[in-house]
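Per chain, numbering begins at 1; letters A, B, ... match sequence-line order. What you see is a predicted model, and the numbers here were worked out from it, not measured in a lab.
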There are 2 protein chains.
Amino acid sequence: MKKYYSISDVAARTGISAYTLRYYDKEGLLGFVKRSESGKRLFTKEDFEPLYTITVLKRSGMPIRKIRDFMNLYLLGNETIHNRYVMFEEQRRSLIQQIRELEEMLKIVDYKCWYFQEAEKRNDINYYKKLPAEEVDPRIVEFNKIVEDFREGSSETEL
Amino acid sequence: MKKYYSISDVAARTGISAYTLRYYDKEGLLGFVKRSESGKRLFTKEDFEPLYTITVLKRSGMPIRKIRDFMNLYLLGNETIHNRYVMFEEQRRSLIQQIRELEEMLKIVDYKCWYFQEAEKRNDINYYKKLPAEEVDPRIVEFNKIVEDFREGSSETEL
DNA sequence: ATAGATGTTAGAGTATACTCGAAGTCAAGA
DNA sequence: TCTTGACTTCGAGTATACTCTAACATCTAT
């Protein structure tokens, strides 16, 4: 006798709503889930590993269609180990790039937080414009260069 | 005589399409952009700073509605410096949380890449199950614990 | 046996962020 | 003057990922 988990049980345990689980099934992500004679989904203990993998891929920013492609490879077993490895390697690179991007944004947001505090002290959002050039904080100069590059369309020099 | 930039010029320089710029305007993000008598948008040199801020907030994951709220504060000038500071501080915390989340995902994806390579060597995605417990790599044991926690619905213990 | 909880499907609705098409306006050069 | 090209608005269309409703089926406990 095998224990099965109902869709609402899985929903409660995983935090994925039953609606979303059905949607994932409809989109071809849950091909591994068995059904009862009457058509009800029967989740097993083992199904939680692919379910967890789905959440990891989703939280990594992978779109549903690509997760579906991965799950289709999963269903084919050992023949697709290499393909699945390649997909994870690609996702690894994507994650590193996403982290880099957010870290770059964090630097700018950190600067902005500092700048707003300086501006608040003086109650003037453009206080530095009234200062002699040598008294302007280098952080402000650097930021203004970034904005200038943005205006010059420097993003074209990427490739 | 002041130089103005047309919408297509701004689009070419910033990489934001003219369609998107008009959409942002419609959503209330570009309240700072002047118009000609005939209604054409006249972007100035100074407009590139708020435009850049919009891209930073967007790349930081801020939804358009919230960027609109920020830009409305921007239009009000010095009276809203503190409010804008608070919004950036919040965005700073959000970014740190997003980075943490992606770093957590990266750890798991790194593990998966390693595991798929081990499985590929043996052409068996479940090779470790046939091993005596003491020969199973601790990384596998650790991962299986995470999946088990997921099955137990451990996310409920967050708060 | 029947009520109520839980499950099923198909399909509609929501939210977000664009992306585009149509019809019309306007300024500048041949 | 006229044509061309860039601009305008409005509204429709697209893509993604849910989220929910309706109608019906099934299972369980009294």
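Taking a 4.0 Å limit (strictly below) on heavy-atom distances, residues 22-40 of chain B reaches DNA chain C at B/Y23, B/Y24, B/S38. Using a 4.0 Å cut-off on heavy atoms, none of the residues of residues 48-56 of chain A approach DNA chain C.
Applying the ring-ring contact (aromatic ring centres under 6.0 Å, His included) rule to B/F48 yields the partners B/Y5; only residues at least two apart in sequence or on another chain are considered. Residues passing the side-chain hydrogen bond (donor to acceptor under 3.5 Å, both in side chains) test with B/E103, sequence neighbours excluded: none. Partners of A/E79 by side-chain contact (heavy atoms from CB on, under 4.5 Å), not counting sequence neighbours: none found. Partners of B/K129 according to the side-chain hydrogen bond (donor to acceptor under 3.5 Å, both in side chains) rule, which considers only residues two or more places apart in sequence or in another chain, do not exist here. Evaluation of the side-chain hydrogen bond (donor to acceptor under 3.5 Å, both in side chains) rule for B/R151 yields no partner, not counting sequence neighbours.
Between A/F43 and A/Y4, the gap from one ring centroid to the other reaches at least 6.0 Å. Residues A/Y115 and A/Y127 place their aromatic rings such that the two centres sit under 6.0 Å apart.
Shown here is A/E134, whose CD atom has more than 12 heavy atoms of other residues, nucleotides or ligands within 6.0 Å.
Counted by atom type alone, B/T53 and B/E49 present zero donor-acceptor pairs between their side chains at under 3.5 Å. For the residue pair B/E120 and A/Y85, no side-chain donor N or O sits within less than 3.5 Å of a side-chain acceptor on the partner.
Fit an axis to the five pairs at each end of the helix from C/dA1-D/dT30 to C/dA30-D/dT1 and the two axes sit 10° apart, to the nearest 10 degrees.
Using a 4.5 Å cut-off between side-chain heavy atoms of Ile, Leu, Val, Met, Phe, Trp and Tyr, A/L76 forms no hydrophobic cluster with any other residue.
Put simply, chain A comes within 4.0 Å of DNA chain D, heavy atom to any atom, from D/dT16 to D/dC27, going 5' to 3'.
Residue pairs meeting the side-chain hydrogen bond (donor to acceptor under 3.5 Å, both in side chains) criterion with at least one partner in residues 63-72 of chain A, sequence neighbours excluded, are A/K66-A/E90.
One finds a side-chain N or O of A/R41 lying less than 4.0 angstrom from the OP1 or OP2 phosphate oxygen of C/dT9.
Here C/dG7 presents its C1' atom at 12 Å from OH of A/Y19, a figure rounded to the nearest Å.
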Check residues 137-145 of chain A and write down every donor-acceptor pair under 3.5 Å in which the side-chain atom is one partner and the other belongs to a residue at least two apart or another chain.
unit_1	atom_1	unit_2	atom_2	d
A/D137	OD1	A/R139	N	2.8
A/D137	OD1	A/R139	NE	2.9
A/D137	OD2	A/R139	NH2	3.0
A/N144	ND2	A/Y128	OH	3.3

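Nucleic acid contact class of B/K58 (heavy atoms, under 4.0 Å, all strands): sugar-phosphate only.
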